[in-house]
Amino acid sequence: MYWFLVFLHVISAVFLGSFLALPFTIQSLAARTEDKLKMSVNTILYFTRFGHYALILLFLSGGGMVIGYGSYPSMLWVTLSTIILIVIGGLMGVISKRMKLMKHTESLEEALQENLPKLKILSWVTFVLIIIAVFIMTNRQLFS
Ligand code: HEM
């Protein structure tokens, strides 16, 4: 069963890793006009939904390994990774909320211009946090 939890955990991490492309995708929105822009925003919204599923699976599989098998170097490691996971979830939530609001405005292009600076910051922070989470996960000895 442990092998399955590790498998699930790493697959979810790989999926979450696709969000490393988010800042670049958001940057490319600026070059799109109405219809293509709407399609891209919809695609990002799908991704953020599946990103949330990946985070839930990461939490459940990680929690399963920690609780069921005591596989963790320290409580600091568990706490840090859990906090980062929650913050990534929150950031994705804010990004998708902004995108949904943008979709319901009259001019998506104008709404994008207003929201682009914040979306860029949010997606870069998400990018950095994913890297930090993987660093914490793969350097257990630093936290024992
Ligand atoms: C954004 C959040 C997370 C990411 C991207 C992530 C990613 C990873 C990756 C890539 C590994 C494989 C590392 C290796 O085998 O060297 C791993 C291992 C592990 N993770 Fe996470 N993880 C996250 C959150 C969590 C959380 C919240 C927990 C527990 C509460 C957790 C528990 C574990 C455990 C116990 C292992 C060890 C598996 C083994 O036996 O090798 N992870 N994680």
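Remember, it's 1-based here, ligands and their atoms both numbered in the order they're listed.
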Pairs involving residues 111-130, ordered by first then second residue, that meet ring-ring contact (aromatic ring centres under 6.0 Å, His included) (sequence neighbours left out): Phe24-Trp124, Trp124-Phe127

Polar contact flag, side-chain donor to acceptor under 3.5 angstrom, Tyr2-Ser71: yes

Sidechain-backbone polar pair: Ser144 side chain, Pro73 backbone, donor-acceptor under 3.5 Å: no

Derivation and outcome, side chain to side chain contact (heavy atoms under 4.5 Å, CB included), residues Ser107 and Gln113: CA-CA 10 Å; Ser107 164; Gln113 277 185 352; over 6 Å; no

Greater than 12 external heavy atoms within 6.0 Å of Glu110's CD: no

Dump the pairs for me: ligand 1 N or O, protein N or O, distance under 3.5 Å, to 0.1 Å.
from, atom 1, to, atom 2, distance (Å)
ligand 1, 20 (N), His9, NE2, 2.8
ligand 1, 22 (N), His9, NE2, 2.9
ligand 1, 40 (O), Tyr2, OH, 2.4
ligand 1, 42 (N), His9, NE2, 2.8
ligand 1, 43 (N), His9, NE2, 2.8

Value rounded to 0.5 Å, distance of OH in Tyr53 from OG1 in Thr48: 10.0 Å

